[in-house]
Structures are given as C-alpha cells and as structure tokens.
Amino acid sequence: MTTSEKNSGDVSLSAHVNFIRVRVAEDIASGKNAGRVMTRFPPEPNGYLHIGHAKSICLNFGLSKEFAGVTNLRFDDTNPAKEEVEYVESIMRDVKWLGFDWEDRLYYASDYFEKLFAYAVELIKKGKAYVDDQSAEEIRANRGTLKQPGTNSPYRDRSVEENLELFARMRAGEFPDGTRVLRAKIDMASPNVVMRDPALYRIKHVHHHRTGDAWCIYPMYDFAHCLSDSIEGVTHSICTLEFANNRPLYDWILDELGVFHPQQIEFARLNLTHTVLSKRKLIHLVNEGITTGWDDPRMPTLSGIRRRGFTPEAMRDFCERIGVARSDNMVEYGLLEHCLREDLNARAPRAMAVLRPLKVVIENYPDDKTDDVFDFPWHPEKDMGMRKVPFSKVLYIEQDDFREVPPKGYHRLYPGNEVRLRYAYYITCREVVKDADGNITELRCTYDPESRGGGSPDGRKIKGTLHWVSAAHAVDAEVRLYDLLFTASNPGAEEDFTSCINPKSLEVVRAKLEPALADSAPGWICQFERLGYFCADEKDSKPGAPVFNRAATLKDTWGKIEKKQGGK
RNA sequence: UGGGGUGUUGCCAAGCGGUAAGGCGACGGGUUUUGGUCCCGUUAUUCGAGGGUUCGAAUCCUUCCACCCCAGCCA
C-alpha cells in the first residue's frame, strides 16, 4: 500500500475527528454509562436559531447518530420574561429543516419545575442553600470583584427551618419580585465568582408561556440545566466555552444532590465573517428595519438562509467541515458559500434567466417563425427530464455579455464577433443601435442556421457561450440579488456594527426568465446558468408571478481577471 | 501570580516524542456548448516567543507574551 492510498483511506475519518467524538468514544470503550450516549440541544425560546446554533445541533445530533444514541430537544424555558411560543415553534421548524429528529423526546425545563423545587428543598435541608433577603444591589456589592473575595450575606446562616418556611412562602407568592432569592451556600471567597453563593431561584410574578401563573419563582440556568440533564439521563452535556466557568457549579449541584451526573463538555462557538451572530445585534437589525425581519434572506438565521436558498445538506456539510475545537475561530463566509455551491451544482436544475436584458434582433431569422422550440435538459449530467425553450427572432442577452470595445481576453459578444447562444445557435454581432443619448438599445445580429443545437458541421471553435431568453416568450420576474450584509469581515469588532452595513447587500432587478420558470413553486431552487443559484421566494413568489432570491453567485473567474486588469 | 480557557499556513483544523494530514482560499495548467463543474500541480524547513530535556520536540519541562470568558435575581 502506498502512502497516498493509506492517506486517502484516512481522509474522511480524520476530517471528522474532534476531541468530543474522541471523548465519547473513550467513554463507550471504558463502559461509562453502560455504553449509552444521550445528548441534547437545549435552546432558550427567546429568539430565532442561527448558523451558530446549527453547529451545536449538528454536533449533538451527529454524535448520537454516530454512537447509536439519542438526542433530546429541550427548551430551556426558565426565564418567562423573555420567552414566547413563537420562538419554540420556529426552533422546532428549524431543527426539522436541518434534518434532525428528536422523535418523542421533546422536553421543557418547565416540565421539571416541581422536581426542581423538591431538589431545592433537599439542598436547603442539607444546609447547602439559604434564602437571602438582600437586594440585588447588595448581593452584587457583597460578591467582591474578580480579584477580591466577597463577603457572606447576613442571612447566610439562617436555620434550615427558617429557610424552608421562607422558600415555601416565596413559592406561595407572599413576596414581591426581587425581595428574596434562594442561594447555594458554597464559598464567597472562591476565586471563581460563579461559585460565590450563586442564586438558584428568583421571584418573578410573570406569566410563563407553558406553566401560566402556576409559579412565581423560577429556577436559574445553573440550577435547572444540570438537573434537567440529570433527570433526562443525558450522558454528554455539550455547550459553548463561555459556560466553562459554570462547570464547577454544574458539578457541585449534582454532587450535593447525589443524582446521576452527566459530563459537561465545552467547545468554541462559531464566528462567521461578514455577519453577526449575537442575539442582541440580530434583534437590532430587525427592530431598526435594517433587514426586513428574522427571515430576511440576508440574516444569518436558519429561517433567513433557508429563504435565501441554502439547503440543509449544505448547512450540515458546512458544520462538518468547520470542525469542533476549543480555540476561538472566525470562519470565512466563503466556506459556507462553497458548501452551498457544491451541493447545488450536483442537484439543482438549470435554467436561463437574463437579469439585465439587452435586446438582440437576428436579422436573417424569419420574422414569423414561432415553432422553433428546443428541448433542453434540466441538468447537464443528472437525468432530471427536459423542458421546452422557445427561440425567436428577438431575444434578450445579458448587458454584461456585450462590449462595444472588448477588453483583452473578452470572448463574449462584440461587433464582428461570433458567440454561441447556449444549446441554440451561433450569432454574430453586425450592428449596435443606440438612442439619442448614446445608450445601446439593441444589437443587430445574424445567426448561422447550420449551428442549431449549438454546434456546427465545420466544427469551428466558439469561445463564448451566452445564456438567452426569447423576448416574445419571456416571463417577467423580480429578482433579488443579495450580497454580504456587512462589508467588514468582523462587524462585531467595529465601534458601531451598523456602520459597515453593505449598501449593496440587496439589489432588485426586473429580469426576463425562460417560460419554464413561470410557475416555479415557492422554495424551488435552480441555477440560472452562468449567474448563480436562485430560490423562488417562499413568501412573495407566486405561480405566474415569480420572485427569485439569489442564494450565491457562481464562481466568476472572468470577473476576477477583469478586476485585476483594472476594468469595471 | 484572581480564576478558567486558547495560541499549528490567509481562514478552519489534524497532530499527543520519530521528523507538519485534510478542507476552504490563492496561484499555475488541462478538459469544457455554463470564463461553472471536473482534473492535475504549487502553496508552513515550520508549529505565539525564549530557554531547557532528548539521538530526535508542534508534541515533555520552564519562563515570557498575546487573545478569549467570568463580578445577571440572563442563558
């Protein structure tokens, strides 16, 4: 076996290796949890899922799939002030869209409120938790600083009985918000501030989207999360790095209660260039009307990229390729685009659309000929059937495909040059027609009848191939050309992230489509040949009145060359 | 010396004492009825920096530097 053979055998495997998979594999090998693997995806229903969540979803569901385990979907709904059913619905929709199934394992932290309360009582009885009457301000002041220890609360040594009574009265609704809190009794001098008697329960007379008004005290994340994991029997509790500081508390609660102890493992969250992934910033984009909503195709939300035309396959591939590690990262948007192109190149039907039409009249083509209809394949390699594409005397081509004065290396249409209309005929530009202001209004061309189908008997080489649409048969459509939302690669690092909004993140054009596209179903994705991948807008596109969104352009080698030449 | 974490090519990322995988990107070439796709080749004498151990170090020790997270009754 040669080295290359050896390597190629390892490639797919090594590309997928990450420290979490290794750890889970080790746990299975050592017999931990009797070889059982259970992960969970635990979003708080307080916003829409974005690409960063996709990384976590793919990681958790991918792990259980790989190791014959299961993954739960659990809503971490412990703060009713921020949560809404609208979000739980969108989250379920997005996880499903990504291609994952939690089957019957849909849970809510709020399902456990009664159990959680009982655990808190148990902690109190063990002398490990107490009710603190200090105000939030006092508690903050007594927590100390990062370098100085905190000081004990004057209520820290209340009797178990008094704590029990007070905690019961908190639950009974006897106290207003903010007047008391249940705290873990750990160590006010801990170098880890998370461990300085963290709050476990707070009073919130707020309606909960699931439990209604049954509760007026709600558990904090640190108390609810570890116990929810434990109750469900989660074996590997995977979260992002910023929770590493909370792990000692996660472990402390579970150990004090002596319950099943899942292992928390942290990984670095995803950062993507040219976008923002913080909930606060995304909300700002929506609320300020910078984008049209959570599902604006420029948003990095899953609902946004779905509407843009991204596929779940591309998203999963992306999540696989970026890897999982603990170092801060900033993944280039180009990788995401690459994953989309790779998926769509293989699967998307092809069609012709002219974004910026330039009229072409074929002088030697019969005026009245209307039965010149081609059968073109929907895909050049895959058998996806055929579609009818009519040809006629007056056509549209892309304005960019004609130059009166061709730059060096240009092999599209220019006076005297012959090009191929894709799959149809060769045409030669004979004359340029302009209006009074000197704007080009139409091109007079001739065609070679012998070249029907896009080839010629003499086998002469034609360098340029253009897409085209018959004017008489063209379907008018709105096409939205999306580009990066931000010009800066790391907008989050700017003083004001909205200062680098890309003014050209959206350009709307009136395009001419080939007739087969007239009744495109909303959500349908295809390649407009030579231009990019486009998706019929799921909200605004209607059969007969299509609206397309550009998901991504095709790679544009000529554009790059031209740019280097200093051209436009 | 608050505590926790991380530093491998432009961007991700393997590697875990035996002499720097892979992907994206970039660059060059071939094929091509999408200047797309595909194919081929090039792209880290070096692993944050210095010192040490060793026949041998990205991997071990040590000092230093840089960056990220933590002082919500948010998650």
Side-chain angles (χ1 to χ4, degrees), chain A residues 7 10-12 14-15 17-18 42-44 46 76 78-79 81-82 132 134-136 139-141 143-150 177-183 190-196 198-204 217-218 220-222 224-225 239-248 266 268 270 273 279 320-339 341-342 345-346 350 352 380-381 409-412 420-424 426 451 453-455 462-467 489 527-532 553-562:
Chain A
N7 287 343
D10 291 342
V11 169
S12 61
S14 63
V17 165
N18 65 55
E44 180 187 15
N46 71 342
D76 223 332
T78 57
N79 185 358
K82 293 184 170 183
D132 195 338
Q134 292 181 110
S135 67
I139 288 177
R140 191 189 318 121
R143 185 151 31 226
T145 69
L146 293 179
K147 296 187 179 182
Q148 294 163 295
D177 290 7
T179 54
R180 269 174 247 262
V181 71
L182 183 74
R183 289 230 260 171
S190 173
N192 179 357
V193 293
V194 170
M195 298 298 273
R196 317 239 262 231
L200 265 22
Y201 267 90
R202 75 288 217 188
I203 301 170
K204 265 181 195 286
I217 58 171
Y218 293 94
M220 298 288 291
Y221 162 84
D222 285 303
H225 203 93
C239 60
T240 46
L241 237 28
E242 58 268 31
F243 289 100
N245 294 319
N246 301 51
R247 192 172 68 237
E266 311 88 15
L270 168 69
T273 62
K279 203 160 283 180
E320 197 58 56
R321 290 185 192 229
I322 57 178
V324 179
R326 290 174 67 90
S327 51
D328 292 330
N329 59 79
M330 178 67 79
V331 176
E332 290 173 344
Y333 182 82
L335 179 60
L336 182 58
E337 230 175 7
H338 169 82
C339 293
R341 289 193 187 114
E342 187 172 272
N345 176 55
R350 311 292 140 112
M352 293 196 290
E381 291 128 39
Y410 189 81
H411 48 247
R412 274 115 95 147
R420 171 169 37 234
L421 293 180
R422 171 141 245 231
Y423 294 136
Y426 294 174
S451 63
I462 301 293
K463 276 195 165 180
T465 299
L466 314 185
H467 56 278
S489 84
Q527 180 193 104
F528 286 173
E529 293 215 51
R530 304 211 301 136
L531 297 173
T553 62
L554 252 31
K555 275 207 220 165
D556 182 13
T557 304
W558 168 247
K560 212 187 316 189
I561 293 169
E562 214 180 9

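First the proteins, then the strands, lettered A, B, ... as listed; each starts at 1.
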Practice item. Counting Watson-Crick and G-U wobble pairs only, both distances under 3.5 Å, name the nucleotide matched with A58(B), or none. Key: none
Check your understanding: Should G2(B) form a Watson-Crick or G-U wobble pair with both distances under 3.5 Å, which nucleotide is its partner?
Key -> C70(B)
Quickly work out the [X] [atom1] to [N] [atom2] distance and round it to whole Å.
X         : N      : atom1 : atom2 : result
Arg196(A) : G2(B)  : CZ    : C1'   : 8 Å
Asn18(A)  : G22(B) : CG    : P     : 19 Å
Asn46(A)  : A75(B) : CG    : P     : 9 Å
Arg422(A) : U32(B) : CZ    : P     : 14 Å
His411(A) : U34(B) : NE2   : C1'   : 11 Å
Leu182(A) : G72(B) : CG    : C1'   : 16 Å
Met195(A) : G2(B)  : CE    : P     : 20 Å
Arg326(A) : A13(B) : CZ    : C1'   : 16 Å

Check whether the side chain of [X] and the base of [N] form a donor-acceptor pair under 3.5 Å.
X         : N      : result
Glu529(A) : G36(B) : no
Glu381(A) : U37(B) : no
Arg412(A) : G35(B) : yes
Asn245(A) : C69(B) : yes

If we take the [atom1] atom in both [N] and [M], what is their distance in whole Å?
N      : M      : atom1 : value
C24(B) : A58(B) : C1'   : 23 Å
U62(B) : U19(B) : C1'   : 23 Å
G23(B) : U1(B)  : C1'   : 41 Å
U32(B) : C39(B) : C1'   : 11 Å

Point to revise | Any Lys560(A) side-chain nitrogen or oxygen under 4.0 Å from OP1 or OP2 of C27(B) | key: yes
Check your understanding: Counting any heavy atom closer than 4.0 Å, what does Ala325(A) reach on the DNA or RNA strands: base, sugar-phosphate only, or nothing?
Key -> sugar-phosphate
**Study point:** First encountered from the 5' end of RNA chain B, between Met330(A) and Leu335(A)
**Key:** Met330(A)
Point to revise | Residue whose nearest RNA chain B nucleotide is more 5′ - Arg341(A) or Ile462(A) | key: Arg341(A)
Practice item. Compare the ring of Trp558(A) with the six-membered ring in the base of G35(B) and state whether they stack (centres under 5.5 Å, planes under 30°). Key: yes
Review point. For G15(B), does the O4'-C1'-N9-C4 (purine) or O4'-C1'-N1-C2 (pyrimidine) torsion place it in syn, i.e. within 90° of 0, or in anti?
Key: anti
Practice item. Return yes if some donor-acceptor pair links the side-chain N/O of Thr465(A) with the main-chain N/O of Arg422(A) below 3.5 Å, else return no. Key: no
Please tell me which of the listed nucleotides, [options], lies nearest to the side chain of [X]?
X         : options                : answer
Ala244(A) : C27(B), G4(B), C70(B)  : G4(B)
His338(A) : C24(B), A75(B), G72(B) : C24(B)
Asn246(A) : C70(B), C74(B), A75(B) : A75(B)

Check your understanding: Given side chains that start at C-beta, do those of Leu466(A) and Arg530(A) come closer than 4.5 Å, heavy atoms only?
Key -> yes
